S.K.: 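Right, I'll just put the structure down here and ask away after.
Lettering follows sequence order; numbering is per chain, from 1. Only a predicted model underlies this, so the values are computations on that prediction, with no experimental measurement involved.
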Number of protein chains: 2
Amino acid sequence: MPHLAFPSTSLDGFKCETHCAVRPLAICGELGPAEHEEFERMAQHVRYGPKEALFSEDEVADSVYSLIEGIARLYKLLPDGRRQIIGFALPGDFLGMAPGNRYSFSADAIGAVTVCKFFRGPFLRFIENRPQMLLRMNDFATRELSLAQDQMLLLGRRSAEEKVAAFLVAWRERLARLDGVTKTVSLPMGRQDIADFLGLTIETVSRTFTKLEREKLIVIVPDGVRVLDPKRFDALAAA
Amino acid sequence: MPHLAFPSTSLDGFKCETHCAVRPLAICGELGPAEHEEFERMAQHVRYGPKEALFSEDEVADSVYSLIEGIARLYKLLPDGRRQIIGFALPGDFLGMAPGNRYSFSADAIGAVTVCKFFRGPFLRFIENRPQMLLRMNDFATRELSLAQDQMLLLGRRSAEEKVAAFLVAWRERLARLDGVTKTVSLPMGRQDIADFLGLTIETVSRTFTKLEREKLIVIVPDGVRVLDPKRFDALAAA
DNA sequence: AAGACTGCTTGACACAGATCAAGGACCAGG
DNA sequence: CCTGGTCCTTGATCTGTGTCAAGCAGTCTT
């Protein structure tokens, strides 16, 4: 059985309704109290410090993770060190599924991270005869796939300015789903991470931020940006 | 309920064992004879001519498709006409699932195509309480997602020459899974399609083919290439 | 057989974004 | 307060790939 990777979908619409040690773990769905308890017993909480690895590409994939707190970056490396970030994981996201028995990408913490960890075998055995959970997994996978395809369009066919604008718009929306709408978009990841996500260099990202600021579209603040002109902004990022 | 998109995974390992009007339809799995018949009754075969659209992005997604014969290109467009091909679908592939109730990309035939078409509602109702099929769907989605992530790495971080080489290697492997290993790799799609898949222009693709031929790595033949030096080739394409 | 059309290749040139290099802002530790 | 570190910005220059333009090879039509 394969593992799945859901790097960036916020599972917010699926918050676990029952009281739950693994609250943001959206995958648990509408389990009955007894099942729920069984499910919980399979989980263990783990904390990671800044830059610590949750797992690495090509490692044997023995666990799946639900992110509880903090942000993780998910990436693939080429042998010469070039890096492509394939997504940022937020609380509620589900990580670590992969086809075959090895992880297909690496994940590490940006800042402090708490996860809810399941061993793969018991987890798969638990869900395999529960259609509700399987449907939920399908739903997540479909969403992830669609996001990945959007990102392909961005990487293959958009200019640097469009990439940065689209990134900020999408990131703002994702945060809004978690925290509600805010004027300031916080960017916990560094410029290098943004560059590696957008297929650019750090210098180009930096210059593009500056350019957007000169054009009065954003204001750069510590650890984030304030969006001044959402309309003009969304137009730049438009699909 | 969402739709799923499995643009490029060959489902070859999952061929339907029972005799089946929709033979390459891998998703049917180990259904009992009665179930199998019910499943078949839901399907209808449809043929499309060259360049004909199976469905388009943003259309209401009323059907899902299993490709029986031929090749389709799956793509997204920007408002100004820039195109990103997100995958090529081969016989056995499953298409048309998307999050929400609209297709998230367009699909059209390259050459003649036959599909097995299911209306979305009945299809989802059929699978929703069959864990075997759901697991299979999950498996497909996971595989697709992993391929999409590989493609992000390619689009974001590889040079034109690496892109073309990696494409040829991957395409050869995909065809090998269907037709067995062949010396000549057939390329039913045009140069423009390859360019739009790799995030390049048609001129760059053409020049790169010529360069690989000058370097004695391939020979360009009508509708394909012959790979001369698989080892050096795989090295170029290496992850 | 000539013309028209489509798909592919090639050349000359331009430019977006990469590379190289330097310096500023901020913070933690001594 | 200085020191070293990390992260970010900016400038100067280079280059890989895009753009523009022309021409060739097939194939279809009449």
S.K.: Tell me if the side-chain of A/E203 makes a donor-acceptor pair with the base of D/dC8, cut-off 3.5 Å, by modelled atom types.
M.R.: no

S.K.: Is there a donor on the side chain of B/R207 or the base of D/dG16 sitting less than 3.5 Å from an acceptor on the other?
M.R.: no

S.K.: Above 12 or not: heavy atoms from other molecules or residues under 6.0 Å from CZ of B/R226?
M.R.: no

S.K.: Determine the interplanar angle of the A/F88 and A/F167 rings, folded into 0 to 90°, and report it as parallel if under 30°, tilted if 30 to 60°, perpendicular if over 60°.
M.R.: tilted

S.K.: What is the separation between atom CZ on B/R158 and atom P on D/dG16, rounded to the nearest whole Å?
M.R.: 18 Å

S.K.: When B/V164 is tested against each of B/I218, B/V169, B/T204, B/T208 for side chain to side chain contact (heavy atoms under 4.5 Å, CB included), which residue passes?
M.R.: B/T208

S.K.: Could you check how far CZ of A/R157 sits from P of D/dT17, rounded to whole Å?
M.R.: 13 Å

S.K.: Looking just at side-chain N and O atoms, do B/Y75 and B/D108 make a donor-acceptor pair shorter than 3.5 Å?
M.R.: yes

S.K.: Within this structure, what is the CD1-to-C1' distance between A/I110 and D/dT6, rounded to whole angstrom?
M.R.: 16 Å

S.K.: Quick one: on DNA chain D, does A/I202 or B/E161 contact a more 5' nucleotide (nearest heavy atom)?
M.R.: A/I202

S.K.: Check A/E161 with A/K211, please: is the shortest side-chain N to carboxylate O separation under 4.0 Å?
M.R.: yes

S.K.: Whole angstroms only, please: what is the CG-P distance between A/L212 and D/dT9?
M.R.: 12 Å

S.K.: By nearest atom, which of the nucleotides D/dT10, D/dC7, C/dG17 is closest to the A/T204 side chain?
M.R.: C/dG17

S.K.: Grab the CD1-C1' distance between A/I220 and D/dC7 for me, whole Å please.
M.R.: 13 Å

S.K.: Rounding to a whole Å, what distance do you find between B/E213:CD and C/dT9:P?
M.R.: 9 Å

S.K.: Report yes or no: does B/Q84 contribute a side-chain atom to a donor-acceptor pair with the main-chain N or O of B/F197 at less than 3.5 Å?
M.R.: yes

S.K.: Closer than 4.0 Å, any side-chain N/O of B/S206 to the OP1 or OP2 of C/dT10?
M.R.: no

S.K.: Figure out the NZ/P separation between A/K211 and D/dT10, and round it to whole Å.
M.R.: 14 Å

S.K.: Could you list the residues that satisfy side-chain hydrogen bond (donor to acceptor under 3.5 Å, both in side chains) with A/D58, not counting sequence neighbours?
M.R.: none

S.K.: Mind listing the residues from residues 187-201 of chain B sitting with a heavy atom below 4.0 Å of DNA chain C? Number order is fine.
M.R.: B/G190, B/R191

